[in-house]
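For reference, the structure is listed below as structure tokens.
Just so you know, residue 1 is the first one in the sequence shown, and it goes up from there. These figures come from a predicted structure and were not determined experimentally.
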Amino acid sequence: MGNIWILVADSTRARMFSTEKRDGPLKEDFDLVNPEARMREQELTTDSAGRATNSATGVTYQYGQDGKHKPEAVRQFARQIAERLRQERSRGAFEKLYVMADPSFLGELRKTVDSSTKTLVAGTVDKNLTRGSVEEVRRALPDFL
């Protein structure tokens with residue numbers, strides 16, 4: 001049996017594990033981080049929000065802080081992971097892939113992973129174990145991958 005990869009991810013971190021046997025121990029191969037997803041929205045923008053006052057009503061409001069920078073950082077991280085998976089699949093690094101991710105981030109990954117890589121996805125688990133131990137990750141997977 002070929003190499004089996006297990007991606008464990010959320011919007012801030014992605015860990016990749018591998019095993020060579022269906023019931024074998026997991027080895028952590030690499031770790032990707034997305035520091036922008038941990039930042040507050042105002043830290044992601046260089047300009048502070050503008051202020052304007054409506055002369056007719058006298059109401060002051062802010063503009064320019066639309067809250068779109070953080071979601072874009074999450075989408076970009078999902079694309080980065082998907083690209084890494086595509087490259088590794090292209091070179092034959094894995095034959096089977098399991099994806100374990102925070103439920104909201106799992107949706108982003110599904111949107112960005114290419115169709116050829118998707119064909120190698122043997123299963124998904126909507127659980128966030130990015131901070132879990134190797135043993136916790138293994139327990140959350142099927143007994144025989």
Are the charged groups of Arg138 and Glu135 less than 4.0 angstrom apart, N to O?
no
Please round to the nearest 0.5 Å and tell me the distance separating atom [atom1] of [X] and atom [atom2] of [Y].
| X | Y | atom1 | atom2 | value |
| --- | --- | --- | --- | --- |
| Leu7 | Glu88 | CG | CD | 12.0 Å |
| Ser115 | Arg86 | OG | CZ | 11.5 Å |
| Thr112 | Gln76 | OG1 | CD | 10.0 Å |

Please determine whether side chain to side chain contact (heavy atoms under 4.5 Å, CB included) holds for the pair Phe77 and Phe105, giving the CA-CA distance in whole Å, both sets of side-chain angles, and the decisive distance to 0.1 Å.
CA-CA 10 Å; Phe77 188 54; Phe105 194 64; 3.7 Å; yes
Do [X] and [Y] touch side chain to side chain, with heavy atoms closer than 4.5 Å?
| X | Y | answer |
| --- | --- | --- |
| Leu141 | Tyr98 | yes |
| Arg131 | Asp10 | yes |
| Ile4 | Phe94 | no |
| Arg89 | Leu120 | yes |
| Lys27 | Asp29 | yes |

Where the side chain of Arg15 meets the backbone of Val8, is there a donor-acceptor pair that is under 3.5 Å apart?
no
Main-chain N/O of Thr130 paired with Asn128 side-chain donor or acceptor, under 3.5 Å:
yes
Could you walk me through whether Thr124 and Arg110 satisfy the side chain to side chain contact (heavy atoms under 4.5 Å, CB included) test, starting with their C-alpha distance in whole Å, then the side-chain angles of each, then the deciding distance to 0.1 Å, before giving a yes or no?
CA-CA 10 Å; Thr124 59; Arg110 285 183 174 137; 3.4 Å; yes
Result of checking Leu85, Leu32, Ile81 against Met16 for side chain to side chain contact (heavy atoms under 4.5 Å, CB included)
Leu85
Kindly check if the number of other-residue, nucleotide or ligand heavy atoms within 6.0 Å of NZ (Lys118) is above 12?
yes
Closest approach of [X] and [Y], non-hydrogen atoms and distance?
| X | Y | answer |
| --- | --- | --- |
| Leu109 | Ala9 | CD1-CB, 4.4 Å |
| Val74 | Ser11 | CG2-CB, 3.8 Å |
| Ala140 | Val125 | O-CG2, 4.0 Å |
| Ser18 | Trp5 | CB-CD1, 3.7 Å |

Please walk me through it: do Thr117 and Asp114 pass side chain to side chain contact (heavy atoms under 4.5 Å, CB included)?
CA-CA 6 Å; Thr117 301; Asp114 68 282; 2.7 Å; yes
Is it the case that Asn34 and Thr12 place a side-chain donor and acceptor less than 3.5 Å from each other?
no
Can you tell me if Gln87 and Arg84 form a side-chain donor-acceptor pair at under 3.5 Å?
no
Residues Arg79, Glu72; criterion salt bridge (Lys or Arg N to Asp or Glu O under 4.0 Å); working and verdict:
CA-CA 10 Å; Arg79 287 191 294 267; Glu72 181 54 33; 2.6 Å; yes
